[in-house]
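The next block holds one structure in the form of structure tokens; read it before the comments.
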Amino acid sequence: MTGASANPLARGASGVVAKARAIKEWTRAIGALPDDAVVSVSELSCTLPGCPPRETVILVMHGGKTHQVSIHKTMLDVTKDDVELVLSVPAAGLD
């Protein structure tokens, strides 16, 4: 699978779309992001050694900066605790 067919959000899979919305809400709440911050969630192929075939990527744009974090799980497997863990790392840059 390649391109849009590999992206569950592009296919409009309702469970994945609902999960993406939840991840965005968790990111906004945990990161205490302002209303004008843009939060994007996607599921991409992971090519790093030891990484599962799919990973969830959270992209946050605010204050003229862009921050990206990855969770080595499919979007449907991501929990609020996973989001809190990756956003609590200083390298996430959301502080």
Side-chain angles (χ1 to χ4, degrees):
M1 245 192 279
T2 60
S5 64
N7 182 348
L9 290 172
R11 293 191 312 265
S14 61
V16 175
V17 171
K19 189 60 170 252
R21 286 185 184 134
I23 294 169
K24 287 180 182 185
E25 289 175 20
W26 299 335
T27 301
R28 286 187 173 285
I30 293 165
L33 298 172
D35 291 340
D36 64 342
V38 176
V39 179
S40 174
V41 178
S42 59
E43 188 176 283
L44 303 171
S45 295
C46 185
T47 58
L48 297 174
C51 186
R54 307 293 291 168
E55 70 178 342
T56 300
V57 178
I58 304 169
L59 184 70
V60 177
M61 297 173 279
H62 75 94
K65 297 180 181 178
T66 301
H67 308 280
Q68 177 178 313
V69 294
S70 298
I71 301 171
H72 292 175
K73 295 182 177 182
T74 66
M75 204 175 298
L76 290 175
D77 293 332
V78 171
T79 66
K80 186 175 182 180
D81 288 341
D82 294 325
V83 174
E84 190 163 24
L85 182 63
V86 297
L87 295 181
S88 69
V89 175
L94 295 181
D95 49 7

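Quick note: residue numbers are just sequence positions, from 1. Just so you know, these numbers use all the heavy atoms, side chains as well, and skip hydrogens, waters and symmetry mates.
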To the nearest 0.5 angstrom, please state how far the CZ atom of R28 sits from the NE2 atom of H62. 10.0 Å

I'd like to check R54 versus C46 (side-chain heavy atoms, cut-off strictly below 4.5 Å). Are they in contact? no

What is the distance from atom NE2 of H67 to atom CG of L87, rounded to the nearest 0.5 Å? 10.5 Å

Check whether any side-chain heavy atom of L33 sits under 4.5 Å from a side-chain heavy atom of V60, and report yes or no. yes

Heavy atoms, side chains only, cut-off 4.5 Å: are V57 and V69 in contact? no

From E55 CD over to K73 NZ, what is the distance, rounded to the nearest 0.5 angstrom? 13.0 Å

Give a yes or no on whether L59 and V39 share a hydrophobic cluster (residues Ile, Leu, Val, Met, Phe, Trp, Tyr; joining criterion: side-chain heavy atoms under 4.5 Å apart). no

Using every non-hydrogen atom in the two residues, find where T66 and M61 come nearest and quote the distance to one decimal. OG1-CG, 3.6 Å

With rounding to the nearest 0.5 angstrom, report the NZ to CH2 distance, K19 to W26. 4.5 Å

Report yes if the side chains of K80 and I30 come closer than 4.5 Å at any heavy-atom pair, otherwise no. yes

Distance col, row S70:OG vs I58:CD1, nearest 0.5 angstrom, shows 8.5 Å

Taking the side chain as every heavy atom from C-beta outward, state whether V83 and V78 have any atom pair closer than 4.5 Å. yes

Which residue is it: D82, T79, D77, V41? I am looking for the one with a side chain to side chain contact (heavy atoms under 4.5 Å, CB included) to I71. D82

